[in-house]
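So that the names make sense, note that chain A is the first sequence line, chain B the second, and so on, each numbered from 1.
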Number of protein chains: 2
Amino acid sequence: MSEGADTRGGAAGRNLLFLREEELRLAQDLLFFGYRDFTAGPDAILAEMGMGRAHHRVLHFLGRRPGLTVGELLSILAITKQSLSRVLTPLVEGGFVAQAPGRADRRQRHLSLTPAGEALERRLFERQRETVTRAYREAGPVAVEGFRHVMRGLMEPEARRAMERLGAPDRPSVRAVPLGKPGLGGKAP
Amino acid sequence: MSEGADTRGGAAGRNLLFLREEELRLAQDLLFFGYRDFTAGPDAILAEMGMGRAHHRVLHFLGRRPGLTVGELLSILAITKQSLSRVLTPLVEGGFVAQAPGRADRRQRHLSLTPAGEALERRLFERQRETVTRAYREAGPVAVEGFRHVMRGLMEPEARRAMERLGAPDRPSVRAVPLGKPGLGGKAP
DNA sequence: ATATTTGAGTCAATGACGCTGACCAAACCA
DNA sequence: TGGTTTGGTCAGCGTCATTGACTCAAATAT
């Protein structure tokens with residue numbers, strides 16, 4: 001609060017108390033077009049397989065943290081159980097995701113990628129790698145640091161915590177005991 | 001091709017030919033969480049009014065470039081006419097968007113915000129301004145420059161061209177002649 | 001002057017992705 | 001034993017996007 005009060009806002013940055021109209025409009029444009037094109041590659045691959053972006057998210061976070069439970073995945077994605085179910089069930093039945101009951105708490109289902117799931121995730125990953133590598137190379141390392149900083153700043157505290165948990169070097173986590181039997185609640189009554 | 005060949009990739013940046021796994025995973029996380037929270041504010045406001053993100057996009061681009069024709073808007077959003085229609089029709093009927101026939105080509109419909117549309121767009125804008133201002137202030141001006149550079153790099157050439165057109169200082173454009181009569185093709189046969 | 005193309009709009013059907021509310025079963029825990 | 005937590009299910013709704021086929025008016029090309 002002791003840094004002056006240039007409320008009229010000048011060029012980008014300064015010590016802004018608020019953004020000039022044009023600066024925000026630019027940010028809106030950048031995020032709209034950038035995010036759209038960032039997801040376009042995987043979207044196209046997924047569409048061929050009758051899947052969508054939601055499937056990719058599950059594959060991505062399971063690739064990042066094998067052994068996540070359903071509940072943990074739900075809190076990361078911040079969607080409802082039913083929404084996750086509509087995506088997760090086909091992934092399990094299609095042989096992309098494996099489930100293993102928790103050792104400590106057998107109600108939990110620890111999720112992980114099967115080899116087929118890893119292969120698909122890898123394919124989507126490589127597609128996105130092209131896009132991001134190009135952007136990073138064009139922009140340079142300093143810009144990349146800035147990009148990360150700003151993106152993190154856009155997040156709510158909840159999302160920042162979720163990222164910390166994901167990024168943490170490690171966690172005990174059940175190493176996805178490949179218990180072949182799904183043994184789920186039972187699809188048909 | 002003359003920039004060395006450090007294919008093993010090192011720390012962030014360098015002159016990367018490809019990204020280390022962890023760097024890309026981080027970028028994926030940042031874009032997912034960041035974009036989600038960036039849109040969360042407006043989404044909540046819109047939901048109260050029975051609208052969605054697609055409505056916001058229309059309001060945003062019309063706020064930025066009053067007088068856009070339907071065709072121009074379609075090419076910016078890169079969606080189909082039918083998808084736009086489902087969003088645009090309620091906005092027109094709800095009194096948020098006005099249409100004016102083109103002077104040169106009377107088949108065209110030049111779109112602009114009504115006062116009610118401007119008010120709504122402003123409300124969504126102010127909500128997002130809070131989010132982005134916070135992120136920019138935390139990150140600082142250098143980071144903001146980097147953020148912009150990277151986001152632009154994520155875009156396909158097509159989107160970059162669209163942004164240039166939007167950002168261009170001006171364009172002749174019909175100044176949205178407030179011709180009261182919609183005079184549309186006729187809703188009922 | 002007729003024919004084609006273009007800009008806008010429409011109907012019908014489909015699908016992905018999110019939501020709520022209600023409910024059930026198994027497992028854990030006090 | 002009884003309450004809570006974890007995971008799963010059914011039914012229904014709404015948004016946002018898609019394709020295909022069609023109308024209509026205005027502009028333009030032959």
Quick one: [X] [atom1] to [N] [atom2], roughly how many Å, whole number?
X      : N      : atom1 : atom2 : value
A/L91  : C/dC17 : CG    : P     : 10 Å
B/L111 : C/dG9  : CG    : P     : 7 Å
B/Q108 : C/dT6  : CD    : C1'   : 10 Å
A/L74  : D/dT9  : CG    : P     : 13 Å
A/I45  : C/dA16 : CD1   : C1'   : 18 Å
A/R107 : D/dT6  : CZ    : P     : 6 Å
B/H56  : D/dC16 : NE2   : P     : 12 Å
B/L88  : C/dA8  : CG    : P     : 11 Å

Hey, is the side chain of [X] poking within less than 4.0 Å of OP1 or OP2 on [N], counting only N and O atoms?
X     : N      : answer
A/S83 : C/dC17 : no
B/T80 : D/dT18 : yes
A/H55 : C/dA16 : no
B/R57 : D/dA17 : yes
B/Q99 : C/dG9  : yes
B/T69 : C/dG7  : no

| Can you tell which of C/dG9, D/dC16, D/dG8 lies closest to the side chain of B/R109? |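 In terms of side-chain proximity for B/R109, the closest of C/dG9, D/dC16, D/dG8 is C/dG9.
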| 5'-most contact on DNA chain C: A/M51 or A/R106, nearest heavy atom basis? |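 Between the two, 5'-proximity favours A/M51.
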Examine the side chains of [X] and [Y] and answer whether a donor and an acceptor come within less than 3.5 Å of each other.
X      : Y      : result
A/T131 : A/R127 : yes
A/Q28  : B/H60  : yes
B/H56  : B/D43  : no

| task | May I ask you to check if A/R64 and A/F61 form a cation-pi contact, with NZ or CZ under 6.0 angstrom from the six-membered ring centre and within 45° of the axis? | result |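 No, a cation-pi geometry is absent between A/R64 and A/F61.
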| said: Does B/R36 qualify as a cation-pi partner of B/F33, given the criterion of NZ or CZ under 6.0 Å from the six-membered ring centre and within 45 degrees of its axis? | reply: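 Not satisfied by the 6.0 Å and 45° rule.
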| task | Determine the contact category for B/R86: base if any of its heavy atoms lies under 4.0 Å from a base atom, sugar-phosphate if only primed atoms, P, OP1 or OP2 are that close, otherwise nothing. | result |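 It contacts base atoms.
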| query | Hey, which of these two, B/V87 or B/K81, hits DNA chain D nearer its 5' end, going by closest nucleotide? | reply |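 The residue mapped nearer the 5' terminus is B/V87.
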| query | Does any N or O donor sit under 3.5 Å from an N or O acceptor when you compare the side chain of B/Q82 with the base of D/dT18? | reply |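 No pair found.
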